[in-house]
Novice: 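This is the structure I want to talk about, given as structure tokens.
Lettering of chains follows the sequences in order, A, B, ..., and the numbering in each one begins at 1.
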Amino acid sequence: MSTATDTSKIEIKGINRIFPTRNRGKGDGPREFVALKDVNLKVSKGEFVAIVGPSGCGKSTLLDILAGLAKPTSGDILIDGKKITGPALDRGIVLQGYALFPWRTVRQNVEFGLEIKKTPKAERKEISNRFISLVGLDGFADHFPHELSGGMKQRVAIARALAYDPEVLLMDEPFAAVDAQTRETMQDELLRIWEETGKTIVFVTHSIEEAVFLADRVVVLGTNPGSVKDVLDIDLPRPRHNSDIRSSAEFGWVRHKVWELLQNREVKAEGPHGYGPSVAEAISSSAEL
Amino acid sequence: MNTKRAGLQHFLLRWSGVAAFLLLWEMGPRLGWVDGYFLPPFSTIVVEIFNLFADAYLSVHILVSVWRALVGLLIAVLIGIPFGILLGRVYPRTAEALSPILRILSQVNPFSLLPVFVLFFGIGETAKLAVVAWVSVWPVLFYTMTGTRTVDPVQEKSAASMGISPGELIMKVILPAALPTIFVGIRIGATITFYILIAAEMLGASAGLGFLVHNAAMNYQIPRIYAGATFIVIFGYLLNRALIFIGNLLFAWQENSSTTVTANATVTTPSWRPGRLSAVAAGIALLAIVLFGGIEVDKVNKEAASTDPGAHSRHFGTPVDSGSGN
Amino acid sequence: MNPLPTAWHKIAAVLLFLILWEVVPRTGLVDPLFIPPLSGVLDALIELYRSGDLLMHARLSLARAYVGLAAAVVIGLPLGLLLGGWFPRIQTATEPLMELFAQANPVILAHIIIFFLGIGEVAKTFIIGWLCIWPITFSTITGIRTVDSSLLKAARSLGLGRGQLFVRVILPSAAPSIFTGLRLAAGYAFIMLVASEMMGGSNGLGWLIVQSQENYNITRIFAGAAVLTAMAVVTDALLKLLERRLVVWDVDVNEDYLKLKTASGEGP
Ligand SMILES: Nc1ncnc2c1ncn2[C@@H]1O[C@H](COP(=O)(O)OP(=O)(O)OP(=O)(O)O)[C@@H](O)[C@H]1O
Ligand SMILES: [Mg+2]
């Protein structure tokens, strides 16, 4: 199942994340909530890994830990074999929601990481130009976020994460808030950018279709506690962008397989805690097209 | 075409109340409904305002009052914002422990402080500036604390993901994000300041808009009282509107500018955006007012002292008119 | 983390403040003539209390502030409700006028009022009431205007009539904003109380302060200021308590300044 060797780019080793919970009024019930339990995963250099799982299974939590924004309760994250200690410019994250700075123009947003890196001004401008144009936003450089559509904002967020040239790109449901048509375009674009830049990408999504279309491997997380349920290799041919691979029988079959994995897990997870979504919700979201 | 007419209609409706009020003010004394000596018709007041301007009187008093308000506010901003950031973000637990003291201090009455400040700084400008700074520093401080605390965590997170340093986080993320809220605090501070300043000038000053009205009252120059009062109202209104306008201009980037929207204000994206140049220009203008205003205020004070040495003691603390009982 | 330590921190901070107030003037770091030590102020308070002056002045001042505030509530609240809830066109027509009125400095108005009423309690009440009325009216209008429209739709779909809608949906939704205005107004009431008492009359804490200043009785200024501050703080706390009681659904701990923000969209 795991194709990674010792030279893997990212190594997730036995991650646990426990949140303390407050039960107001109700005395019984657990005092803590296990969001992630013994998560292990290796991602090799240049690989595109997608993570799927029902809402609340800990996808964002895992990504935060990878970015160094949160500390695991136990376990380690290794990048190039070295333990991470916090956030750094070797990893870029595109957060759930756009998280743009509304007081900065598109260009200033894209240049944010470069400013932190103390890149000289002229170089900054050249780089931001390149990435603004890479995400197809030529002519919008001096616009403010509130003047952009949801899809455009998302592209700015991606450009911002790419601009300071991280080796790893972490993306948390980046296309969740855009319409279906834009989403397909952006998926194509992302694949194009990935192939152009050779980044290692960890991509969280709700949509099985999206995961299968984009990734080399799909990691299925189960809920309560969040843990790796299964990892699936996607052997669909590349390049996939601008192709009609979505309508192929092979694609449908892989998609169905992931769906079954997810659904199966969901039925078992219908526990007493009720943290997870209802079965119907999980099915409708996983069957989303 | 149609929207233009609707806009005109709205405008007329909006200002109809003011028009009716002014009409009443004009007609009331003329038709003998009220005593024209105590309440002169509005037109008399307008004439009196022009007289005041022509005498080169009003402009000096305006300058003095504006200078006091501006410098006091500047002091409040220079104290309130850094401390607001410190308490709001850097030492939140200290802020929590200090909150009762801050709340009590913010309720300390500026007028009861006036005598203390006078003792401390003498009767000159400093005491007045201290009062003005005292009243406006609290809204600036509290709004800065709130603003810096309520930054969207996702924005902070994405900055943190780039390994931003704490200092840079404050300067590049927290401060800009909190600025609209801080500006509301400054605006509130400015409005309260203007009230308090005028009142303080009535209680003891030798120049300024408050003094002008007070002096007129002492000499029973009734139209002049109304003229001064009307001018202060217009001035305060314009000040408030100007601050709202500046806020809208500066913070046009806000997704929903809830802090700056008033019931009627139409949210439009301005075609002109304040850039670095205009910021520098505004800074220079501010500095010029503070500097030249200071020189002018100093001159006015010296003049007043030489012509009327008892100007301050005369009306500080003495009853407004001879009737001391109730 | 849990409530006990923070409460202790707060008490410790207050105690530290009081100790500093006592110690710093004594050591001469600041001139004790200008800032008398706490014990001196307490002595002055006790002396004022013994002579009966303190209660007399404090009672009068409190009554003035509360009457002015009450007058502002009695006029401002219904005005805001009517304009915000029932007569939007009249509200539009009177908005700039009210905004101008709100700018009219009460101390200056007092000069004019004195022509008609003479100086006395009415003039004082007017000074206080005039400044208090606007935050109450404006925040009531804002509160009613900003009721969540989907909430209104939902309530209307349940068949609520106009009166019911007002009592059950609009008023509760507007309550936090109204209370913000009230608390703002209460603060103004005490500020203007002192100004009005400094302008004329022969009693009240404001008068006491001015009197003490003329006699260079500094500890008495501080004593008067302390009592005034206490009255303002207690009034604010009472209003907050009342709000907690009436507006159960809005129990945000960190609320104060956030809500001020929404209520201060208009007016002073
Ligand atoms: N700060 C926190 N304190 C307590 N519990 C938390 C905290 N953050 C997250 N959780 C819990 O951890 C679980 C995982 O949250 P997470 O945001 O990672 O889910 P997710 O898989 O990203 O969900 P979604 O698909 O809806 O974004 C949730 O059940 C959530 O309630
Ligand atoms: Mg998530």
Novice: Less than 4.5 Å to any heavy atom of chain B: does that hold for the side chain of C/L16, its backbone, both, or neither?
Specialist: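 Answer is neither: C/L16 stays 4.5 Å or more from chain B.
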Novice: My understanding is that only residues two or more places apart in sequence, or in another chain, count here; which of them pass ring pair (Phe, Tyr, Trp, His ring centres under 6.0 Å) with C/W207?
Specialist: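 Applying ring pair (Phe, Tyr, Trp, His ring centres under 6.0 Å) to C/W207 gives C/H57.
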Novice: Ignoring hydrogens, what is the shortest heavy-atom contact between C/I209 and B/S112? Give both atom names and the distance.
Specialist: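 Here C/I209 and B/S112 meet closest at CD1-CB, 3.2 Å.
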Novice: Find the distance between CZ (B/R14) and OG1 (C/T94) and round it off to the nearest 0.5 Å.
Specialist: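 Here the rounded value is 10.0 Å.
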Novice: With only heavy atoms counted, which part of C/I221 is less than 4.5 Å from chain B, the side chain, the backbone, both or neither?
Specialist: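 The side chain, not the backbone.
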Novice: Using non-hydrogen atoms only, which part of B/F38 is less than 4.5 Å away from chain C: side chain, backbone, both, or neither?
Specialist: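 It is both, since atoms from each part get that close.
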Novice: Counting only N and O atoms by type, is there a donor-acceptor contact under 3.5 Å from the side chain of B/N109 to the main-chain atoms of C/F190?
Specialist: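 A pair under 3.5 Å: yes.
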Novice: Hey, can you tell me if B/F21 and C/F101 have their rings parallel, tilted or perpendicular (30° and 60° cut-offs)?
Specialist: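 Perpendicular, since the angle between the ring planes exceeds 60°.
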Novice: Is it the backbone or the side chain of C/L193 that comes under 4.5 Å from a heavy atom of chain B, or both, or neither?
Specialist: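 Neither part; nothing is under 4.5 Å.
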Novice: Nearest 0.5 angstrom please: C/I218 CD1 to B/L119 CG, how far?
Specialist: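 With rounding to 0.5 Å, CD1 (C/I218) is 4.0 Å from CG (B/L119).
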Novice: Can you tell me how far the CZ atom of C/F34 sits from the CZ atom of B/F117, to the nearest 0.5 Å?
Specialist: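 Going from the CZ atom of C/F34 to the CZ atom of B/F117 covers 13.0 Å.
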Novice: At what distance, to the nearest 0.5 angstrom, does CG of C/L100 lie from CG of B/L22?
Specialist: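 So the gap between those two atoms works out to 8.5 Å.
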Novice: Locate the shortest heavy-atom distance separating B/F111 from C/M198; write the atom from each residue and the value.
Specialist: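 Where B/F111 meets C/M198 most closely, the heavy atoms are O-CE, 3.0 Å.
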Novice: Can you confirm whether more than 12 heavy atoms, excluding those of B/F120, are under 6.0 Å from its CZ atom?
Specialist: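 Yes, because the 6.0 Å sphere around CZ of B/F120 holds more than 12 heavy atoms from other groups.
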Novice: Do the side chains of C/H111 and B/M202 get nearer than 4.5 Å, heavy atoms only?
Specialist: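 With C-beta onward as the side chain, the pair touches.
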Novice: Would you call B/W15 and C/L97 a side-chain contact if the rule is heavy atoms closer than 4.5 Å?
Specialist: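 B/W15 vs C/L97: side chains apart.
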Novice: Is there a side chain to side chain contact (heavy atoms under 4.5 Å, CB included) between B/I192 and C/Y188? Walk through the geometry before answering.
Specialist: CA-CA 9 Å; B/I192 301 176; C/Y188 289 170; 3.7 Å; yes
Novice: B/A229 and C/I108: which non-hydrogen atoms are nearest, and at how many Å?
Specialist: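 Shortest heavy-atom separation between B/A229 and C/I108 comes out as CB-CG2, 3.3 Å.
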Novice: In terms of heavy-atom pairs under 4.5 Å with chain B, which of C/D31, C/V233, C/N105 leads?
Specialist: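 Answer, by heavy-atom pair count under 4.5 Å with chain B: C/N105.
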Novice: For C/F126, which residues count as a ring pair (Phe, Tyr, Trp, His ring centres under 6.0 Å) partner, sequence neighbours excluded?
Specialist: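 Per chain and number, C/F126 pairs via ring pair (Phe, Tyr, Trp, His ring centres under 6.0 Å) with C/W130.
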Novice: Check this for me: B/Y91, atom OH, are more than 12 non-hydrogen atoms of other residues, nucleotides or ligands nearer than 6.0 Å?
Specialist: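 12 or below, so no.
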Novice: If you tally heavy-atom pairs under 4.5 Å against chain C, which of B/D35, B/L113, B/V116 wins?
Specialist: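 Among the listed options, the one with the most contacts to chain C is B/V116.
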Novice: With side chains defined as the heavy atoms from C-beta onward, is the minimum distance between C/V210 and B/P115 less than 4.5 Å?
Specialist: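 When only atoms from C-beta onward are counted, B/P115 and C/V210 do not touch, as no gap falls below 4.5 Å.
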Novice: Quick one: which of B/A97, B/G185, B/G236, B/G147 has the most heavy-atom pairs under 4.5 Å with chain C, could you say?
Specialist: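 Most heavy-atom pairs within the cutoff with chain C belong to B/A97.
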Novice: For residues C/A104 and B/V233, report the shortest heavy-atom separation together with the two atoms involved.
Specialist: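 Heavy atoms of C/A104 and B/V233 come nearest at CA-CG2, 3.5 Å.
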Novice: Do you know which of B/I232, B/I222, B/V34, B/T230 has the most heavy-atom pairs with chain C at a distance under 4.5 angstrom?
Specialist: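 If we count pairs closer than 4.5 Å to chain C, B/I222 comes out on top.
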Novice: What part of C/D236 is in contact with chain B, defined as an atom under 4.5 angstrom from a non-hydrogen atom: side chain, backbone, both or neither?
Specialist: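 When you check distances to chain B, only side chain atoms of C/D236 fall under 4.5 Å.
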Novice: Run B/N240 and C/Q103 through side chain to side chain contact (heavy atoms under 4.5 Å, CB included) and show every step you take.
Specialist: CA-CA 9 Å; B/N240 197 33; C/Q103 291 293 336; 3.9 Å; yes
Novice: Name the option with the most non-hydrogen atom pairs under 4.5 Å to chain B; the candidates are C/A12, C/A232, C/G187, C/G224.
Specialist: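 The option with the most such pairs is C/A232.
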Novice: Report yes if the side chains of B/R93 and C/H9 come closer than 4.5 Å at any heavy-atom pair, otherwise no.
Specialist: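 Yes. Closest side-chain heavy atoms under 4.5 Å.
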Novice: Heavy-atom cut-off 4.5 Å, strictly under: side chain, backbone, both or neither for B/L105 against chain C?
Specialist: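 The answer is the side chain of B/L105.
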Novice: Relative to chain C, which of B/I225, B/T94, B/V18, B/L39 shows the most heavy atom pairs under 4.5 Å?
Specialist: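 When all of B/I225, B/T94, B/V18, B/L39 are compared, B/V18 has the most.
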Novice: Just how far is it from atom CG of B/L98 to atom CZ of C/F17, taken to the nearest 0.5 Å?
Specialist: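 One finds 10.5 Å between CG of B/L98 and CZ of C/F17.
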